[in-house]
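One structure is given here, and the rest of the page talks about it.
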Protein chains: 4
Amino acid sequence: MPEGITARRQQAEQRRAQLIDTALAVFAEKGVEAATVKDLSETAGVAQGLLYHYFRSKEDLLQAALERHYFLPELRRIVSPNRDRPAGEVLLEVAQSFAALLHEHRPLLQVMIREAPSNPAVADRVERARREGVRLLAEYLDSRVAAGELRPHDTEAAARLLLYAAFMANLTDTPTDRFLPAVVDSILWGIHARPS
Amino acid sequence: MPEGITARRQQAEQRRAQLIDTALAVFAEKGVEAATVKDLSETAGVAQGLLYHYFRSKEDLLQAALERHYFLPELRRIVSPNRDRPAGEVLLEVAQSFAALLHEHRPLLQVMIREAPSNPAVADRVERARREGVRLLAEYLDSRVAAGELRPHDTEAAARLLLYAAFMANLTDTPTDRFLPAVVDSILWGIHARPS
Amino acid sequence: MPEGITARRQQAEQRRAQLIDTALAVFAEKGVEAATVKDLSETAGVAQGLLYHYFRSKEDLLQAALERHYFLPELRRIVSPNRDRPAGEVLLEVAQSFAALLHEHRPLLQVMIREAPSNPAVADRVERARREGVRLLAEYLDSRVAAGELRPHDTEAAARLLLYAAFMANLTDTPTDRFLPAVVDSILWGIHARPS
Amino acid sequence: MPEGITARRQQAEQRRAQLIDTALAVFAEKGVEAATVKDLSETAGVAQGLLYHYFRSKEDLLQAALERHYFLPELRRIVSPNRDRPAGEVLLEVAQSFAALLHEHRPLLQVMIREAPSNPAVADRVERARREGVRLLAEYLDSRVAAGELRPHDTEAAARLLLYAAFMANLTDTPTDRFLPAVVDSILWGIHARPS
DNA sequence: GATGAATGAGTGTTCATTCAT
DNA sequence: AATGAATGAACACTCATTCAT
């Protein structure tokens, strides 16, 4: 009965995914330490023991959640715009897409940020994503400098400035619709008055 | 013997301060939840029971630590430059002083950031400081717009941009000596090329 | 199709035997309490649930193992030598055969000895075997006293002495090739010097 | 108040001893694995948590019990009779003292014997005691051979024979008052008839 | 017959807090 | 003021057993 076996496996896979997703929600709401296994199992509507059928430990469940919801590839795409498109057109898109990505993965981010200081595995993921995001966006800016659109400047600092702004907007629950355009405007054109 | 009583009070005050300071260090290192009362008392070199002589609970000790190390006044001063001084001269100073302040209070910050999501009392303090810092700096920028030095712009967004950059530099352990000048340069003058 | 049914039964019986044998090995290695049903099923290469198809419980499986590997008949034969044969010739044979029997059933013995204190069913089996072994050997010695080969003495004590020695050799992993002849020599002739 | 401090310490030491003693009793009755920490604390009349104030773990408590009740020194004394005294007079004393010692430490022995197979630390203690007991008694027998009282023989085997007999009597709950004299008689003089 | 997902009671252990001294 | 013994409610985790497939 290969069909039966496959069905069972699929069901198990679904159950695993469900457990991970509810766990992530609970972790985000209460914090990993404060979330008890009882919380996790009750929220998922299963017995405590079942969690240990699918995961070796609470920590293992956390890692599985990080793995399942990780979004480095999307991040990479977002911060790597086509190098022929002008920054004046592209930067706001980047900021908004990045903010949308963060918003979409809010529970994961909350968990990662809180756990990073005490969990090296988490800290690693955070740091890797941060570094790569900054690097890719800086490379795009470099290309725009080379194209003559942007003046020579510390492109890594500028990349950071943009990404950190979107990140902090997410962290502090600031609406981005007015903030991000203003941010991009400042970075691109500066706030200093010009001699006419 | 009023002197004896005063001496006692002073000693008690000292002991209290010592307990708070070691507690803050332990909280920062391990996280509040993970730091046990045994950790706290052992690090302070006293018996567990003594903590409950000075504080009603572990949570109370945490609040006392936040109270004792709070730095809103310094923050206010830093983000309120003399409104007659030009932004071109002042903004880097502000960014660097702010970064230095954050660096000085790193343990407190680590604790506050981690605890805020699950501790409304902490979240309040964070939010209040953030809002006030942004407001004051934005007001300064407003005054420089009025003075004609800066062009009209979303001054709150610009204030945020600067403060968030310094804050994230602290959070991600980035050295500020090159980063902050580049940040201020971007914000002031923009990164776009100028028609000569 | 009686043949089909018989074939099925045989297969089931084989499976049952296999489960018992691997269980006994695991019980002996880890101890009954410490051996989990997962250990047992994994070692047998089957799913956990299958064990409950063949046995009502872990305890039931243990009892089945004791039943299947019980060796009281062999023990009886070994400690009941032909009463016409002289002890000087027979006792070493008895000791060696008994030691070989114990060695052959080492896993079972390990399990029984450890479980006896907390499992009356096991304790009963042990006690019954012990008593019967001693009784039969003592009866043989009685007959040799009657035959005039042995002097009148506490034959039950002597029987115990011999059997306990072999048993302890097994328990303490002592090689028996030198030990048992020395034991028999002592018991038969004593270690005291003789007036020549 | 040095007296107060000392009193506290003494009380703590007493409490520790009480916990160890009740634990040993419970371990002996139910077996170490089967004895729950709840059993232990309830029998001692204290809260579960208190056990962990005095011992790091259940295993640690077990080791403390083995340590506190260990009786190797007494064993050494018992199996090292004065070498000038004749074996005919001494061996029964040795056997009876040894049996009394085992009887006195019955709970400890039950625990050690059951735990040895799965607990190397315990197995070590058992093995060390066994080896040393045999060695010392064999040395005494050697000296009696040298003195001409005993005939040359495998003294180690004889020592084992005597000690194992007493040990097994203890294990099987056999009364020793008739058994041990018969054992010593057999070993000393043999059970074979003599040509008159 | 055979699987392995699912259960739920129970385990050893931790820890903030209390209290007698 | 200061100690540390003592508590008891939680905690993460285990495991024999059941059951739908």
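Here is how names work: the chains are called A, B, and so on, in the same order as the sequence lines, proteins then strands, and each is numbered from 1. Computed from a predicted structure; not experimentally measured.
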Practice prompt. Compute whether any side-chain donor of one residue and acceptor of the other, for A:Arg15 and A:Gln18, lie under 3.5 angstrom apart.
Written response: yes
Discussion item. Measuring from atom CE of A:Met112 to atom CG of A:Asp124, what distance do you get when rounded to the nearest 0.5 angstrom?
Written reply: 9.5 Å
Practice prompt. Among F:dC13, F:dA2, F:dA5, find the nucleotide with the atom closest to the side chain of B:Tyr54.
Written response: F:dA2
Worksheet item: Looking at D:Tyr52, does any N or O in its side chain come under 4.0 Å of the phosphate oxygens OP1/OP2 on F:dA6?
Response: no
Discussion item. A:Leu61 and side-chain contact (heavy atoms from CB on, under 4.5 Å): which single residue from A:Leu40, A:Leu66, A:Val37 fits?
Written reply: A:Leu40
Worksheet, complete the sentence: Rounded to whole Å, CD of D:Glu13 lies from C1' of F:dG4 at a distance of 15 Å
Fill in: Rounded distance (Å) that lies between atom P of E:dT14 and atom CG of B:Asp39
12 Å
Worksheet entry | Ion pair B:Glu67/B:Arg125, N-O distance below 4.0 Å | yes
Worksheet item: What is the distance, rounded to the nearest whole Å, between atom CD of C:Gln11 and atom C1' of E:dA2?
Response: 12 Å
Discussion item. Rounded to whole Å, how long is the line connecting atom CG of A:Leu40 with atom P of F:dC11?
Written reply: 11 Å
Worksheet item: Is there a donor in the side chain of B:Glu59 and an acceptor in the side chain of B:Gln63, or the other way round, less than 3.5 Å apart?
Response: yes
Extract from the structure each pairing of a protein N or O with an N or O of nucleotides 7-11 of chain E at less than 3.5 Å, listing the distance.
{"residue": "E:dT7", "atom": "OP2", "partner": "A:Ala47", "partner atom": "N", "Å": "3.0"}

Discussion item. Quiz question: by atom type and distance under 3.5 Å, do the side chains of B:Thr36 and B:Asp39 form a donor-acceptor pair?
Written reply: yes
Item to complete: Write down the partner of F:dA16 under the Watson-Crick or G-U wobble criteria, each distance required to be under 3.5 Å.
Response: E:dT7
Response to the item:
Here the distance between atom P of E:dT21 and atom CZ of D:Arg9, to the nearest Å, is 19 Å
Response to the item:
C:Arg16 atom CZ is separated from E:dG1 atom P, nearest whole Å, by 12 Å
Worksheet item: So what's E:dT21 paired with, Watson-Crick or G-U wobble, going by both distances under 3.5 Å?
Response: F:dA2
Item to complete: Provide, to the nearest angstrom, the distance between the CZ atom belonging to D:Phe55 and the P atom belonging to E:dT14.
Response: 15 Å
Fill in: Any A:Asn119 side-chain heavy atom under 4.5 Å of A:Val32 side chain
no
Item to complete: Rounded off to whole Å, could you give me the CZ-to-C1' distance for the A:Arg8 and E:dG4 pair?
Response: 5 Å
Discussion item. Closest-nucleotide mapping onto DNA chain F: is D:Ala12 or A:Val32 further toward the 5' terminus? I mean the 5' end.
Written reply: D:Ala12
